[in-house]
Amino acid sequence: MVEFLQQPEIQAVLLTALLGVIAWGFLEWRKARKRATLRRNTLNENLPPLTTTPAGVKIKDAEVGRDIHAYSSGAGGVEIENAKAKGTIEGTHSPGSPPKP
């Protein structure tokens, strides 16, 4: 049996078969990976956006060493919850006007 495997022609055939099996496995792995990526992207396209925040300014659980100023000129308004500041806390909502600098 060992003498049979030592023949150059047999070694070439076995090496070619081994490389073919490795190449086939690599191609199948790439196809499976591509299918998984496409499936994942298709699922993500059908989901609603993760963050759907309405227009406006929301400040929640803020603690600052100065003033808090929140200006909104859109339809959403201003919401300030649990804010702590050493200075003033100001929230202004004026729909339709340009924002203050």
Side-chain angles (χ1 to χ4, degrees):
M1 180 72 172
V2 175
E3 296 163 356
F4 176 74
L5 295 176
Q6 289 179 350
Q7 296 176 8
E9 297 85 12
I10 300 299
Q11 289 177 349
V13 169
L14 291 176
L15 182 62
T16 303
L18 179 64
L19 291 176
V21 168
I22 291 172
W24 176 79
F26 178 73
L27 291 175
E28 288 297 317
W29 173 76
R30 282 187 49 186
K31 278 197 276 184
R33 192 167 170 203
K34 188 175 183 178
R35 271 188 254 127
T37 303
L38 289 174
R39 188 178 314 119
R40 185 173 44 243
N41 289 344
T42 303
L43 289 175
N44 288 342
E45 288 172 359
N46 295 333
L47 294 176
L50 295 177
T51 55
T52 54
T53 305
V57 178
K58 291 186 179 186
I59 299 174
K60 185 175 180 181
D61 299 326
E63 189 171 334
V64 296
R66 298 186 69 170
D67 302 330
I68 296 177
H69 300 283
Y71 302 105
S72 174
S73 61
V78 176
E79 292 182 32
I80 302 174
E81 295 180 32
N82 301 330
K84 297 177 185 175
K86 289 186 178 177
T88 61
I89 299 175
E90 179 185 1
T92 306
H93 173 63
S94 51
S97 67
K100 293 184 180 181

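Since we're looking at a predicted model, the values are computed, not measured. Hydrogens, waters and symmetry mates play no part in the numbers below; they use all other heavy atoms, side chains included.
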Determine the minimum heavy-atom distance between [X] and [Y], stating which atoms define it.
{"X": "Asp67", "Y": "Gly87", "result": "OD1-CA, 2.9 Å"}
{"X": "Ile59", "Y": "Ala70", "result": "CD1-CB, 3.8 Å"}
{"X": "Gly65", "Y": "Lys86", "result": "O-CB, 3.5 Å"}
{"X": "Ala83", "Y": "Ile89", "result": "O-CD1, 3.5 Å"}
{"X": "Ala62", "Y": "Ile68", "result": "CB-CD1, 4.3 Å"}

Pairs satisfying side chain to side chain donor-acceptor pair (under 3.5 Å), at least one member in residues 15-29, at least two apart: Glu28-Lys31
Spacing of CG belonging to Leu14 relative to CD belonging to Gln7, to within rounding of 0.5 Å: 10.5 Å
Nearest-0.5 Å distance, NZ of residue Lys58 to CD of residue Glu79: 4.5 Å
Check: Leu5 main-chain N/O paired with Gln11 side-chain donor or acceptor under 3.5 Å: yes
